[in-house]
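One structure is given here, and the rest of the page talks about it.
All heavy atoms count here, side chains included; hydrogens, waters and symmetry mates do not.
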Amino acid sequence: MPRKYHLSHAPTPVLHINYREELNEEQYAAVTAPPGPLLVLAGAGSGKTRTLTYRVAYLVENGIAPERILLLTFTNKAAREMLSRVSSLLPHDMTSLWGGTFHSIGNRILRRHAQLVGLGQDYSILDAPDAKELLSACIPELGIDPKDKMFPKADAIRELFSFSVNTQAKLGDLLAGPYAHLSEFSEQLIVLSGRYAARKLKANAVDYDDLLHLPARLLTEHGEVAASYGRQFLYVLVDEYQDTNALQSSLVDRVAGAHGNIMVVGDDAQSIYSWRGANFENILEFEKRYTGAKIYRIETNYRSTPDILEVANASISHNTKQFPKNLRSVRPSTGKPALVPLSDASQQAVFIAQRVLELHEEGESLREIAVLYRAHSHAIELQLELTRRNIPFVITSGVQFFEQAHIKDITAFLRISQNPHDEIAFKRIVKLLPGIGDRAAEKLWGLLAGKTDWFSAKTGAKSQKSWDSVCEVRRQLADPPGQSGDKLIQWVMEGFYEDFAKLEYDNFKQRLDDVRQLQEFARQFETVPDFLAQVSLMTSVDYSRSRQEDSGDVLRLSTVHQAKGLEWNRVFVIMLCEGLFPLARCMAEPAQLEEERRLFYVAVTRARDELYLSYPHMRYLRGGSGEMLQVKSRFLSEIPTELCEEWEIAPPRPQWGQGECSDPW
């Protein structure tokens, strides 16, 4: 007769945290979920960080050693914040937990196994300037002769190579598709990619993308390495999963695939970074890759009023590819968002500046007010109006519009067209050419100072073709005189600068959009000198100093992309016109249009208490002699009219002694 041996349950752990008390029902369900693949859809303002933090704490309190947990984030700040919160919740040493950005974790893995990919453990990590310098050094080795044709600049090439690595797309496919503007150099670029990789290996160095690419190679090509990390990390947690690219997603799958104990937290409605390689399909197809995955929705919003959330919910419901969700507010209503139609961009700027001052006088700090837009170029008139009214502001992660290199390049052409003696503008133009530095620019200035015909001067063979194009543009700008600023800008673009930008900048499409907005702005002025005078005002020393005041009580101006993850009490979303938001180049492709709508959703959900949605009816043509009708953004038309309060903007009341003002008594 066999001997009976009774198993007993492990003692119930003594928990230091009352999870039911400290979490809402949705958060509690996700935090205490059983092992297995988990997709947590955490809506805007719903406590995503809190959910991840308490999940880590819950695992540790239930016997999972910190070193058996891998927490992947997109910023070091997010990782530090979560680990700090966990440490404050538990009397445990959490230093052994592997928490950090994808790249920092990739570096830890690569250091351990560098020899398997041909590197020494003492390899160097190239920063962006170092990587650019090494890549530039590879170009002459291929026998590429810049005298025959302009070759793409290193920054543009690095962006192409990086996009290829992170999306796991072949260079040839990219050069036949989104990078078709570089297609004439396809053969050289493909060879250059291999040469650059070889030079890095020889130098025992890696660049930023290698910190993902090489660990992924290790886990793919060396089964024992993948197995060891699968055994080490019993639980894998990923923050902002909707922003992962193909490479990051595959790296996660290789670590978590063995046991499937993975929790990914994100919001598909806030996936807005496809232009830098993020793959929206990662979060949509999570259930396909992980059989039996459970979905937890966290839809209780602690940030915004219910009126703001109704607008957000109504807007995002028009996307077809999504996980349907409905954000619910715990806050009381404070009034409907304002829908503000205005006559033109200038009146829009006046309205915002005036309303900001009113809110400030009512006690709201400027730092709790933000103006959001699709592109920095959409805030030109607003920046001017804020400057006139001495309202201090700062632009989030962006150079002031008129201080950007490509805008200064274009205005340099216009300056020299009006003043042939403008030495600074002349030298800026000629130094755009290959092989022209300070000494060559000085020599050319000595020959051409004050002249309008530049064809008499010659440059080296390397730059002669480009110089001929610049000379022809200069001839056009001088004949006939009196042309409008927008027409001169068009000649500069068609004759030289558009081709230059395609090879010079990694984000040339965005820069070309900026130039188009510069043309629109230039149409408001009767003469080119008037336009240039206004540009000079916008880039004055006093203005720049006030703009750079990033501390204290200042108004925030930001693109929506830069505003993600932030929030303010009062938010203005401006320039909501078809072609501006959504951008014209994104309207033809359904996937891009849906991302534009997600971007609008992100903008709306940045607001806590008040939301203003504005758009101009008209945009000026030359000299105010004509106007171009603007169509209200479809994102506004999709919102039921009862969810917003439409404001009627009246012109300023006449002052005494002006217009038709009668006796003030």
Check against ring-ring contact (aromatic ring centres under 6.0 Å, His included), His318 and Phe635: CA-CA 9 Å; His318 289 270; Phe635 301 152; 9.3 Å; no

Plane angle bin for Phe572 and Tyr612 - parallel if under 30°, tilted between 30 and 60°, otherwise perpendicular: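 Aromatic pair Tyr612/Phe572 classed parallel.
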
Spatial distance of atom [atom1] ([X]) from atom [atom2] ([Y]) [nearest 0.5 Å]:
X	Y	atom1	atom2	result
Leu251	Phe102	CG	CZ	8.0 Å
Leu636	Leu613	CG	CG	6.0 Å
Glu595	Ser271	CD	OG	5.5 Å

side-chain hydrogen bond (donor to acceptor under 3.5 Å, both in side chains) assessment of Asp210 paired with Tyr123: CA-CA 12 Å; Asp210 290 327; Tyr123 62 79; over 6 Å; no

Flag if over 12 foreign heavy atoms under 6.0 Å of NZ, Lys294: no

Glu21 atom CD, neighbour heavy-atom count above 12 within 6.0 Å: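 Open: at most 12 neighbouring heavy atoms sit under 6.0 Å from CD of Glu21.
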
Whether Asn319 side chain and Gln322 backbone form a donor-acceptor pair below 3.5 Å: no

Check: Thr244 main-chain N/O paired with Asn282 side-chain donor or acceptor under 3.5 Å: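 Indeed, once roles are kept as given, a pair shorter than 3.5 Å links the two residues.
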
Might you point out which heavy atoms bring [X] and [Y] nearest each other, and give the distance in Å?
X	Y	value
Ser183	Leu175	CB-O, 3.4 Å
Arg331	Arg303	NH1-O, 2.8 Å
Ala246	Asn279	N-CB, 4.3 Å
Leu599	Val560	O-CG1, 3.3 Å

side-chain contact (heavy atoms from CB on, under 4.5 Å) partners for Ser96, two or more places apart: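 side-chain contact (heavy atoms from CB on, under 4.5 Å) list for Ser96, sorted by chain: Pro66, Glu67.
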
Mind checking salt bridge (charged side-chain N to carboxylate O under 4.0 Å, His left out) for [X] and listing every partner two or more places apart, or none if nothing turns up?
X	answer
Glu638	Arg597
Asp268	Lys325
Arg328	Glu26, Glu299

Between Asp307 and Ser333, a side-chain donor and acceptor under 3.5 Å: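 Their side chains do contain a donor-acceptor pair, which is all the 3.5 Å distance test asks for.
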
Less than 6.0 angstrom from the centroid, inside 45 degrees of the normal: does [X] satisfy that with respect to the ring of [Y]?
X	Y	result
Lys288	Phe286	no
Arg158	Tyr208	no
Arg50	Tyr302	no
Arg606	Trp568	no

Tell me whether the centres of the aromatic rings in [X] and [Y] are closer together than 6.0 Å.
X	Y	value
Phe581	His378	no
Tyr58	Tyr19	yes
Phe74	His103	no

Member of Arg570, Arg556, Arg608 meeting the salt bridge (charged side-chain N to carboxylate O under 4.0 Å, His left out) criterion with Glu368: Arg608

Evaluation steps, salt bridge (charged side-chain N to carboxylate O under 4.0 Å, His left out), between Glu240 and Lys48: CA-CA 9 Å; Glu240 301 285 10; Lys48 169 182 65 67; 3.6 Å; yes

Stepwise side-chain hydrogen bond (donor to acceptor under 3.5 Å, both in side chains) check, Tyr290 with Asp253: CA-CA 9 Å; Tyr290 289 90; Asp253 291 345; 2.6 Å; yes

Report all side-chain donor-acceptor pairs from residues 30-45 shorter than 3.5 Å, counting only partners two or more places apart or in another chain.
residue	atom	partner	partner atom	Å
Thr32	OG1	Tyr28	O	2.7

His113 and Tyr229: CA distance, side-chain angles, deciding distance, ring-ring contact (aromatic ring centres under 6.0 Å, His included) verdict: CA-CA 12 Å; His113 312 283; Tyr229 286 105; 5.6 Å; yes

Residues forming a ring-ring contact (aromatic ring centres under 6.0 Å, His included) with Tyr505, sequence neighbours excluded: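 Residues passing ring-ring contact (aromatic ring centres under 6.0 Å, His included) with Tyr505: none at all.
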
